[in-house]
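Read the numbers this way: they start at 1 and go in the same order the structure lists the ligands and their atoms.
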Amino acid sequence: METALRKITLLDVPAQTRPIRAELEEAIGRVLDHGRYILGPEVTEFEKAVAAYCGAKFAVGCASGSDALLLALMALGVGPGHRVITTPYTFFATASAVTRLGATPVFIDIDPATYNIDVEALSRSLASASAEEVRATKAILPVHLFGQCAEMSALLGTAAGFGIPVVEDAAQAIGAEYRGRRAGSMGACGCFSFFPSKNLGAMGDGGLLTTNDADFAAKLRLLRGHGAEKRYYHRTVGINSRLDTLQAAVLLVKLRHLDEWTARRRRNAEVYRRALANATAITLPVERADCRHIYNQFVVRVPRRDRVREAMAEAGIASEIYYPVPLQLQECFAYLGYSAGDLPNSEAAAASSLALPIGHERTDADIEHIAATLVDCVAAV
Ligand SMILES: *Cc1c(COP(=O)(O)O)cnc(C)c1O
């Protein structure tokens, strides 16, 4: 007799929604009643709540995490001829925000243990740069990848030494902590995404910037609304990028549950660690002692990764590759002149990393089943 295949998707959005459906419907109903769909009261309320959550003074909503990155760099005056130092092992938007403004991304390899930008390599790169190159470097853009902060103390020290502002790509890291400070509160600003797969996900696209600087917040507000403080009077050329009132209403409901959901993700990570402790072929994610990881993704490394992923799929378990091609080797960035072998840690990560289901909707039994299946698949392929 065949046993039924137990299917587990990477993320089960309807299962996340079910327990809070009544709260969401009530919040959506309020927006339908007042009808202020653009920059309505929920947007301001959510901006205040998220700023407090992230330990930042101000927050400015926008249409997506990609736009948050673009707005941050626009507010810093990034343009043609400028350089922005960043990591190649991240979602595409981190680097495309730079190139869309006509500037050049400078990729620094990652720390193989945390997948975050290698801050020593970053310091060496700046130390060996010409005075002209340093002057042209308008921002350092670390990513808090998979939900763990980059090594911010050394990074902020280096940045300050060269007088370069830091923009945190915190799209995967809402509530993550570095030495007690929250993601998005440490640099000149933090960029967040509410894409449905993030720990705090909207019912569509959404984004936000955090900052401790009132003038910078005002600039971001100006830029997100076509550069106009007063309607039809444009001080500068901005873009149209706002967080919908409807999304803010949904996010306000979800923010109330975020700590409980993060705790569940952290517990799921612990269940994986226990279940995989003796699986020597599987490399577990490193949680630094001075960090609070929020596990937007639980990424392991396995040999023969693509075959393991196929075998997992056959056993009913979805997994994902973040990211199969590091950005320096993307076709659209060929003009930057990087070759295979230039940033070996990012290439090795791209060849062996595998993200397993970790959402707060997963139970201990789910995680134990996934871990056992992974062990079997690694042994079998
Ligand atoms: C999701 C993500 C973004 C982009 O966010 P969108 O809301 O999808 O535009 C940017 N950077 C990183 C690291 C991300 O994970």
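Remark: E287 pairs with R266, Y295 by the side-chain hydrogen bond (donor to acceptor under 3.5 Å, both in side chains) rule, at least two apart or across chains.
The shortest N or O to N or O distance between D169 and ligand 1 is under 3.5 Å. When only interatomic distances are considered, the shortest N/O to N/O separation between G65 and ligand 1 falls below 3.5 Å. Distances between N or O atoms of S193 and those of ligand 1 include at least one value under 3.5 Å. At least one N/O-N/O distance between Q172 and ligand 1 falls below 3.5 Å.
Between the side chain of R6 and the main chain of G316, no donor-acceptor pair closer than 3.5 Å is present. The backbone N or O of A63 lies less than 3.5 Å from no partner atom in the side chain of D205, so there is not a single donor-acceptor pair.
When only non-hydrogen protein atoms are considered, atom 14 (C) of ligand 1 lies nearest to K198 NZ, 3.0 Å. At the top of the distance list for atom 9 (O) of ligand 1, counting protein heavy atoms only, stands S66 OG, 2.5 Å.
In this structure, K219 is not positioned above the aromatic face of F216 in the sense of NZ or CZ being under 6.0 Å from the six-membered ring centre and within 45° of the axis.
Close approach of ligand 1 to F91 (heavy-atom distance below 4.0 Å) involves ligand atoms 2 (C), 3 (C), 4 (C), 10 (C), 12 (C), 14 (C).
Counting heavy atoms from C-beta outward, L243 and F46 have side chains that approach closer than 4.5 Å.
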